[in-house]
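To start, the structure under review is shown below, and the notes come after it.
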Amino acid sequence: MGTMTKGIFLKARECQSLGWMMRSGKVIITPTVGQKFRMNQGVEIHKRARCLYPAGLLLHVGKTVSAAEKTAHVMTSPGPPVIFEGTFSSGGLTARADMLEPEEEGWHLIEVKSGVNDKKEFIDGMAYTYLVMSLCGCKISRVSLMLLDRNFRLGMPDDSLFVEIDHTMDVLEKVKEFESCWQSLEESTRGPSMPEPSLRYECRGCDLFRDCVGKGVDNHIFDLPRLSESKFGGLLTSGITCIEGIPSGVSLTPPQERVKTCVQGRCTFIDKKGLKKELERIQWPAFYLDFEVLTTAIPLFQDAAPYARIPFQYSIHVCSKEFGCVIHCEYLADPTRDCRRELAERLVEDLKGEGSILVYTSYEKGIIKGLAEMFPDLKEKLDSLLDRIVDLKKIIESCVYYPGFHGGFSIKAVLPVLVPGMSYNHLQIKEGDTAMVTYVYMILGTYSPHEMKEKRQNLLEYCKQDTLAMVAVHKELLNLVKN
Ligand code: SF4
């Protein structure tokens, strides 16, 4: 059994079975392409943060015991430097501190995060490190969080990249809570057998759900749209875990009630009148639009803020009424230069006309608004596109439900149900996160010329599939009204 790390401790607080599995090495979560990319970004952000303290000492990672001994040795040496990645171990718990700055009153603990938003969960992470350091007998003077500054722009010096927020009081409060539970968590995750898993609200986001408490349950109450923690708690207390078991009289929101009716009655919901009205609003020819967008912690383009949404690709299918004439146009930016202006101009050109612009979610609207803000001379033309936008997802949400949606309305959730046989399975790129990472690596010159050609093709095929899927879904919606 390994030692308790921060990640295990924080998960064990939510679920001791999960903490036990992580600690015993029984569960290895393989990160997705997008998660790996964000992890690498985190490594880069930490590197840049360390540059703010040129005299700091990076304690290289090694075995926990020797790393902890080395850290203790450096901390107790006369006139210690700022320490990066110091290791602490006590009572079966291990922690690594991003940065430790010596101060008169003790050590200033600094946790570095690669986001721009302060989050409650960061306090938990800092409190864990504080707790383990305290168990090792260290005196901590204050605790700060270092985040990315949303005012940073490419080309500015690295010291403008970060903002520091003092969280000492919040962390101290959380430490009190951890002091009362760490020993029992340490013991339960170290025991010879796994604590019995039990359904809780956190299971909803757990990667193991389908192999754990969700195993064999087809219509779990988690399929209820926007299920709140309190509603979940009420159902669980009554012993209800699947939608089939919800009795009448339980108060549900209208979308939840609809899901329940469809599941219990094994039927679909189609508001034909409402759907017909919505579909009749669509002007022909219909333009189906989908963007691919990148967001990076450290901006890749001048004037872009950390995590600014940069569109780099789009696909448009244009269909005449009855889908008689289908035109496809697409754009994929040259990764060697900033093509935002070119993309905006081409977009205006490719969407020229009178017909409705069909999108899936409000995301595309936001991208067009962003481009209009960036290029005031194109604003009028870009703004005029907004009036033509029709969101297919909204239409489905209000007028159609099939039990096979399992409470989801994303294109990936509705497509296999509404258009069986159409999927993303045959594609090299199957989701937006991979598309984004692929394009970022193209910008960074990661690929050989041969790979570049291949990746470019993969991106074009993926984005094209998104608009083709919208065409197919729209066709099916029209069929539902006809039948
Ligand atoms: S599905 Fe729930 S009970 Fe099972 S490991 Fe995950 S959080 Fe724990």
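All values below were derived from every heavy atom in this structure, side-chain atoms included, with hydrogens, water molecules and symmetry-related copies excluded. Indexing begins at 1, ligand by ligand and atom by atom, following the structure's order.
The pair K394-E397 does not meet the salt-bridge criterion, since no charged nitrogen lies less than 4.0 angstrom from a carboxylate oxygen. Look at D223 and K260 and you find no salt bridge, because none of the NZ, NE, NH1 or NH2 atoms lies under 4.0 Å from a carboxylate O. Checked for salt-bridge contact, E202 and K11 miss the test: no charged N lies under 4.0 Å from a carboxylate O.
Between the side chains of D466 and Y424, a donor-acceptor pair is found at a separation under 3.5 Å.
Aromatic ring centroids of F222 and F232 lie under 6.0 Å apart. Taking the six-membered ring wherever Trp is involved, the centroid distance between the rings of F152 and F162 does not fall below 6.0 Å.
Under 2.8 Å from atom 2 (Fe) of ligand 1, one finds the following protein N/O/S atoms: C203 SG.
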